[in-house]
Asks: 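Next up is a structure, given as structure tokens.
Quick note on labels: first sequence line is chain A, next is B, and so on, each numbered from 1.
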Amino acid sequence: MLNIKTIDDTSINERVYQLNLGPQHPSTHGVLHLLLKLDGEVVISADPIVGYSHRGHEKMAENRIWEQFLPNTSRIDYLSGLIYNQGYCMAVEKMCGIEVPERAEYIRVITSELNRISSHLLGIMAFVMDIGAFTPFLYGWDDREHVLDILERVTGSRLTYCYNRFGGVRNDIDQEFCDGTRRFIDRLRGRFKDYHNLITENIIFIKRTRGVGIIPEETALEFGVTGPSLRGSGVAYDVRKNEPYSVYPGFKFEIPVRKEGDVMARYQVRMAEMEQSMKIIEQALDGLPQGPIRARVPRFIDPPAGDCYFAFESARGAVGYYIVSDGTRIPYRIKVRTPSFSNLFVLTRILPGNFIADTIATLGSIDVVVPEIDR
Amino acid sequence: MAVKECSPVYVPHAERSLETKGSPAILGFAVLQDLLNLARVNSLWPMTFGIACCSIEMMAAGMARFDLDRFGIIFRSTPRQSDVMIVAGTISHKFVPTIKTLWEQMPGPKWVIAMGNCAISGGPFAYEGQYAIVNGADKILPVDIYVPGCPPRPEGLIQGLLQLQKKITKGTIDANRRAEKAARRAKK
Amino acid sequence: MPTEGQKKLLEELKNSFTRALPEGRITSGDYARTGCHLEVRMSDAGMRRIAREMKERRFHLETITAVDFPDSFELVYLYSTYYQDFCRVIARILISKEASPVSVSSIYPGACWLEREIYDFFGIRFTEHPDLRRILNPDNADYFPLLKTFGKTKLTEEIDDILC
Amino acid sequence: MFSRMLESGLYDFFFVFIFFIISIALSLIMVTFNALIGPSFMGEKRTDTYESGMAPIKTAWMQFGASYYLFALIFLAFDVDVLYLFPVLLIYQRGAGFSELIELILFLFLISLAVVYAWRKGVFIWR
């Protein structure tokens with residue numbers, strides 16, 4: 001019994017079909033709704049509809065004291081939770097002028113870089129699974145479980161960390177953590193050969209990603225795209241290098257940049273970035289100083305009135321905390337500038353004219369985490 | 001602008017939770033249903049429906065180390081082929097109609113697992129003036145199993161799924177096993 | 001410790017702004033505490049001129065945000081550069097509660113979503129905006145959540161149970 | 001009735017008839033058994049087309065590109081190709097010599113000429 005609704009003739013001769021690449025879709029990595037206008041296979045226009053996992057982080061910040069907003073930070077972008085923790089703590093320390101001991105800075109950098117590797121592992125492998133290769137997803141997760149074990153020993157949680165405190169970190173890292181990290185890094189370097197054989201030299205992957213979803217440098221500038229999506233288009237902008245914070249100036253690492261700006265370029269930038277993160281971790285482990293891991297900080301801090309903007313680099317791009325404080329224990333306004341918000345909006349400019357299959361590939365290469373857009 | 005008192009608990013329409021207008025099987029005598037439950041239990045196909053942080057732990061449970069495949073649990077992406085809806089993450093107001101559509105589009109015997117504190121009671125985002133989320137999946141769905149944690153560890157999710165299996169077979173598997181053990185002990 | 005490239009760029013910016021915005025107050029913010037090299041405080045009209053100026057100098061619009069003060073809104077525009085001598089400019093505009101500022105999405109298309117979010121949270125309507133509708137809250141929502149008068153914030157009642 | 005059918009050469013078709021009956025019976029049993037023993041949940045959105053959780057905006061009964069039709073044709077060419085391989089199995093029973101293989105390859109080559117022709121005409125390039 002086919003229930004043919006009344007077919008009004010206007011819909012017959014119009015060739016444009018509207019498809020909901022909707023909230024519940026295997027390739028949207030969360031609840032992202034892409035409203036596509038299609039002419040057969042070709043996308044005419046794409047309108048991302050967001051807000052399906054909007055939880056009101058910024059409203060919560062306005063009725064909590066400064067310390068209580070810490071768990072929220074790692075739930076904004078749960079794949080780089082430690083990086084967001086570090087960013088929030090450094091923003092408030094900058095306002096209050098709290099001095100963080102050297103060892104705490106090193107521990108923060110080590111844990112953030114480990115978190116960046118685990119985030120890239122998931123981002124790349126989920127993107128490759130969207131294109132159709134399921135085995136790398138299993139390999140990637142296997143490596144990621146190792147990182148989660150190492151971080152769990154110190155921070156206590158696997159995904160939504162709350163490890164940093166104002167003035168330092170919560171627990172100290174011991175020799176076992178350092179050896180575990182070194183063993184993991186040697187193992188991951190060996191695994192990179194498998195990934196390159198499995199993905200980079202795979203003819204199907206190359207055909208699906210070469211020359212697809214190109215973000216020209218000019219469009220990236222207009223839309224405020226940051227992170228690996230921008231570095232794939234030829235602009236060497238990495239907050240750790242351009243606007244150094246914490247102890248990053250002390251390490252030698254390069255920013256991987258590619259010129260083509262297509263989906264393959266973004267993938268290669270992320271893979272090269274993992275190697276840079278490993279280099280940073282090794283240098284940080286070698287130069288790990290002894291000393292306290294937390295400065296003497298009063299139990300409730302109240303930063304002086306005024307505002308401050310602190311930018312740092314998460315796995316997806318440049319994140320920024322714009323904090324307005326009125327001198328009391330409760331923040332007046334915390335605005336989180338998240339990279340995926342601008343990275344996703346670029347899709348409306350680069351998707352029209354591609355096929356649907358390329359839309360899935362481009363969306364995966366932008367590596368979007370939806371609660372980071374919806375906050 | 002008057003202070004709008006936003007109700008802490010979001011109650012959609014009249015009925016509190018979506019009553020599933022389900023009719024029991026026509027030929028539904030007990031032994032046949034138990035037999036069928038055994039078959040259903042060993043191939044629970046959940047729908048990939050990750051909303052937020054818990055979706056990553058759900059994926060971790062599906063991957064190599066915690067491997068859901070050994071329980072016959074394969075993630076299906078369409079509601080048409082899935083039996084279990086694992087609500088993994090925070091339910092926002094904007095998402096409620098979609099969840100109800102997906103729930104109604106799932107066929108046959110179906111169950112709900114509320115994974116994570118957000119799906120149980122709003123979790124870390126439930127407070128007095130919260131305007132954006134529904135405090136718990138049981139406000140809109142008939143939830144069978146609650147898996148606490150923020151996010152729960154993959155082992156927690158696996159225990160939730162095993163608990164669901166026990167609930168489906170109404171403990172007949174365990175009951176039989178206990179009965180046999182008691183019989184053997186009595187014989188000794 | 002600004003590099004000489006930054007100092008040169010800052011000088012250039014400062015005098016180009018003073019030429020372009022006679023009525024705006026341009027002060028150089030101390031980067032160590034507020035994270036911005038140059039602070040521009042001006043009236044509503046100068047906003048697009050600043051945006052056009054920034055576009056020529058290849059700055060990118062990092063974010064637009066609004067802060068709800070008891071008597072007025074403050075729109076904050078943050079521009080920064082991608083290139084070697086890093087520099088961040090913060091432009092602040094004080095507007096009244098009922099004002100509707102002009103949208104900069106004609107110069108920076110990326111601002112379209114940022115302004116939609118500000119409308120969604122504060123109810124500030126931007127004129128000349130391609131499609132101003134809610135972005136994060138449900139479309140039929142009739143509240144603007146981030147206003148200080150909405151829901152439970154410090155201004156509505158003294159939150160002492162949190163401070164224990 | 002059975003003996004008369006034997007002489008009149010319908011014997012072979014007897015098996016086809018049985019095969020036909022079994023297939024119909026099987027599908028009928030499966031459908032009815034399923035309807036009998038399974039519980040049914042009829043929500044009001046149950047019969048809507050599934051479009052990742054949202055209500056479909058327009059009906060899919062509309063004009064669509066001719067390229068879809070051409071792709072279907074090419075699939076048909078290969079499908080017939082595979083269909084003819086079934087009787088080939090019978091030949092292999094007699095003598096799996098080298099000549100049968102040559103015949104098979106020749107046959108496949110002739111069939112695939114259709115696909116090569118379509119390829120040259122540019123059917124696979126989406127317009």
Side-chain angles (χ1 to χ4, degrees), chain A residues 20 22-33 49-60 62-64 68 71-72 74-79 81 118-119 122 125-126 129 134-135 137-146 148-149 152 157-160 162 369-372 374-375, chain B residues 6 47-67 69 75-79 82 85 88-99 101-103 105 116-118 122-134 149-156:
Chain A
N20 284 311
Q24 191 262 339
H25 190 275
S27 84
T28 52
H29 306 289
V31 277
L32 167 70
H33 179 197
I49 298 171
V50 283
Y52 287 101
S53 67
H54 171 58
R55 305 186 272 198
H57 282 284
E58 287 163 11
K59 184 68 182 177
M60 283 174 76
E62 283 167 17
N63 49 39
R64 269 162 174 48
Q68 283 177 322
N72 279 53
S74 64
R75 283 164 177 79
I76 290 175
D77 176 359
Y78 41 77
L79 282 186
S118 80
S119 163
L122 191 99
M125 298 314 160
M129 188 178 76
F134 188 71
T135 356
F137 198 58
L138 293 167
Y139 282 108
W141 265 96
D142 183 26
D143 291 338
R144 192 164 186 274
E145 291 290 343
H146 284 279
L148 297 187
D149 290 349
E152 195 185 347
S157 52
R158 284 166 55 94
L159 195 69
T160 50
C162 189
V369 169
V370 181
E372 186 193 357
D374 302 345
R375 284 185 299 284
Chain B
C6 61
M47 184 166 65
T48 48
F49 172 56
I51 306 170
C53 342
C54 293
S55 59
I56 304 291
E57 287 298 82
M58 189 167 72
M59 274 198 267
M63 280 304 127
R65 172 181 280 194
F66 299 101
D67 197 2
D69 284 5
F75 281 99
R76 306 298 302 167
S77 55
T78 82
S82 49
M85 174 193 261
T90 328
I91 303 166
S92 66
H93 290 328
K94 200 171 184 179
F95 200 50
V96 167
T98 309
I99 288 184
T101 318
L102 288 171
W103 172 252
Q105 285 176 344
N117 296 350
C118 295
F125 303 106
Y127 65 96
E128 186 52 36
Q130 176 59 277
Y131 62 93
I133 66 164
V134 173
C150 184
R153 291 182 61 88
E155 294 96 334

Asks: Work out which heavy atom in A:Glu152 is nearest to a heavy atom in B:Arg153; give both atom names and the distance.
Replies: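 Closest approach of A:Glu152 to B:Arg153, heavy atoms only: OE2-NH1, 2.6 Å.
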
Asks: Given the options B:Cys150, B:Cys118, B:Ser55, which has more heavy-atom pairs under 4.5 Å with chain A than any of the others?
Replies: B:Cys150

Asks: With a 4.5 Å cut-off on heavy-atom pairs, point out which of A:His57, A:His29, A:Gln24 contacts chain B the most.
Replies: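 If we count pairs closer than 4.5 Å to chain B, A:Gln24 comes out on top.
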
Asks: For a side chain to side chain contact (heavy atoms under 4.5 Å, CB included) check, start with the C-alpha distance between A:Asp149 and B:Arg65, then their side-chain angles and the critical distance, and finish with the verdict.
Replies: CA-CA 12 Å; A:Asp149 290 349; B:Arg65 172 181 280 194; 2.7 Å; yes

Asks: Could you walk me through whether A:Lys59 and B:Tyr127 pass the side chain to side chain contact (heavy atoms under 4.5 Å, CB included) check?
Replies: CA-CA 11 Å; A:Lys59 184 68 182 177; B:Tyr127 65 96; 3.7 Å; yes

Asks: Between B:Lys94 and A:Asp374, is the closest basic N to carboxylate O distance under 4.0 Å?
Replies: no

Asks: Need one label for B:Pro154: side chain, backbone, both or neither, based on atoms under 4.5 Å from any heavy atom in chain A.
Replies: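 The side chain, not the backbone.
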
Asks: Side chain, backbone, both or neither: which part of B:Ala88 has an atom under 4.5 Å from a heavy atom of chain A?
Replies: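 Contact with chain A: none, neither part.
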
Asks: For B:Phe75, is it the side chain, the backbone, both, or neither that has a heavy atom closer than 4.5 Å to a heavy atom of chain A?
Replies: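 The answer is neither part of B:Phe75.
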
Asks: Identify the heavy atoms of B:Ala52 and A:Arg55 that sit nearest to each other, and give their distance.
Replies: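 Answer, listing the atom of B:Ala52 first, then A:Arg55: CB-NH1, 3.4 Å.
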
Asks: For a quick test of reading the model, state the closest non-hydrogen atom pair linking B:Ile56 to A:Trp141 and the distance between them.
Replies: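 Minimum heavy-atom contact is O-CH2, 3.5 Å.
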
Asks: Show the nearest heavy-atom pair for residues A:Thr160 and B:Pro151, with the distance to one decimal.
Replies: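 Heavy atoms of A:Thr160 and B:Pro151 come nearest at OG1-CD, 3.5 Å.
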
Asks: Which bit of A:Leu32 is near chain B, if near means a heavy-atom gap under 4.5 Å: side chain, backbone, both or neither?
Replies: neither

Asks: What are the two closest non-hydrogen atoms of A:Pro23 and B:Phe95, and how far apart are they?
Replies: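 What the structure gives for the nearest pair is CB-CE1, 3.4 Å.
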
Asks: Compare every heavy atom of A:Gly56 with every heavy atom of B:Tyr131, then report the nearest pair and how far apart it is.
Replies: OH-CA, 3.5 Å

Asks: Within a 6.0 Å radius of atom OH on A:Tyr139, are there more than 12 heavy atoms belonging to other residues, nucleotides or ligands?
Replies: no

Asks: Could you tell me which of B:Ile99, B:Ile91, B:Thr98, B:Ile51 has the largest number of non-hydrogen atom pairs under 4.5 Å with chain A?
Replies: B:Ile51

